[in-house]
2 protein chains.
Amino acid sequence: MRADAKKNYDHLLEIGRAVVAEQGAEASMRDVARRAGVGIGTLYRHFPTREALLEALLRESFDQLTASASTLEISSSPADALTGWLRAMIALTHSHRGVIASMTAAIASPDSALHASCVMLRASGARLLERAQAEGQARGDIDGTDLLALVSALAWLNDQPPFAARVDHLFDLIASAILVRK
Amino acid sequence: MRADAKKNYDHLLEIGRAVVAEQGAEASMRDVARRAGVGIGTLYRHFPTREALLEALLRESFDQLTASASTLEISSSPADALTGWLRAMIALTHSHRGVIASMTAAIASPDSALHASCVMLRASGARLLERAQAEGQARGDIDGTDLLALVSALAWLNDQPPFAARVDHLFDLIASAILVRK
DNA sequence: ACCTGAACACCGTTCAAGT
DNA sequence: ACCTGAACACCGTTCAAGT
């Protein structure tokens, strides 16, 4: 990548992060380009789709979340590892309002720039779930997709002002439905 | 209302129903006016906001849902009444893709045309919940807003293609978390 | 009273022309 | 190789002018 291109790329990513933090995942692409001081075409050259920008924005967080699944698997009980990871998922999406809808859509769209990351996250969660199931700590009739659905639903509630304050409570309700009473 | 106005109103409602059925609650207002064969201003005269159109569209269904809460309260056990009503809520929103987000927002916006209906629905659900709680059939640490949040989350999942097929299963999981083991 | 649609201020996305 | 921004095809919403 040419030096000027790299500079634009980095700057667009930085501005994109700020704009998404302010306006959410449906932020105006035009606004990102405008505030970065580049032509709209430059934005599209570096990030051909909104999902490509979101993916670049969340790359690091996705990797951290995947890494934390491995750490939790070693350091915590199956039940604690699972709930800890679910909480981390919700925290990540909450700091990027609206991104959960893009992530959900990406699961069904192999061509989405977010597809691979979301499939990886589902696999991380599934791994923790299966471990808890193997130890008899989680109910056996759900799979990784069910788990992703439940955490996505909580993430969505977290983005709805009337419900956001109750997500901690509802998290406990759902977590205790997943985990088998000891 | 003048006869020509009434005709436009009824026709817009009919076309609006069809367009929302096809494109969901975020359907193009312009498209509704276009397909109804009236000027865009006529649409806005009869339905000043998107929520006003949705409210008119759903009026009958909302009333049926409220009525069914009363019926269930008399005819069924507290637990069956509650789950039956929750299923009806999900079915209603599922036949109007995307409307759950508008309804959720309306709860926090007293000026929304959907506000009163959503508050009524929450009250209907709360009534069935409180009855189940009084009989010891539902856990006591949730209220009408929690219940609305849970059913809204399921309704949202029902609109997400990767998860729609699992909503019945997840409904059972959440219902059994609300209901106290007999 | 009611209807119309031009007008305004936005979008997302593409692509010919420039450097 | 990369950048630019006009151009296209849309939006939601308002409001002066017509019937």
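Naming convention: chains lettered A, B, ... in sequence-line order (proteins, then strands); numbering from 1 in each chain.
- Base pairing of C:dA1 is made with D:dT19, judged by Watson-Crick or G-U wobble geometry with both donor-acceptor distances under 3.5 Å.
- Each of B:H46 and A:R50 has a nearest nucleotide on DNA chain C; the 5'-most of these lies closest to B:H46.
- Using a 4.0 Å heavy-atom criterion, one finds that B:T42 contacts the bases of the nucleic acid, with or without backbone contacts as well.
- For the side-chain contact (heavy atoms from CB on, under 4.5 Å) with A:I174, the lone residue among A:L179, A:L150, A:L86 that qualifies is A:L150.
- Protein chain A touches strand DNA chain D; the 5'-most and 3'-most nucleotides with an atom under 4.0 angstrom of its non-hydrogen atoms are D:dA1 to D:dA7.
- When both distances must be under 3.5 Å, the Watson-Crick or G-U wobble mate of C:dA6 is D:dT14.
- Using a 4.0 Å heavy-atom cutoff across all strands shown, B:A27 reaches sugar-phosphate atoms only and no base atom.
- Using a 4.5 Å heavy-atom cutoff, the side chains of B:H96 and B:L54 are not in contact.
- In terms of modelled atom types and a separation under 3.5 Å, the side chain of B:R166 and the main chain of A:T145 share no donor-acceptor contact.
- By the 4.0 Å N-to-carboxylate-O rule, B:R35 lies close enough to B:E22 to be salt-bridged with it.
- Heavy atoms of other residues, nucleotides or ligands lying less than 6.0 angstrom from CZ of B:R127 number 12 at most.
- For the pair B:K6 and A:R34, both in contact range of DNA chain C, the more 5′-proximal nearest nucleotide belongs to B:K6.
- Residue contacts for B:R45: at a heavy-atom cut-off of 4.0 Å it reaches a base atom on one of the strands shown.
- Between the side chain of B:S28 and the backbone N or O of B:R30, at least one donor-acceptor pair lies under 3.5 Å.
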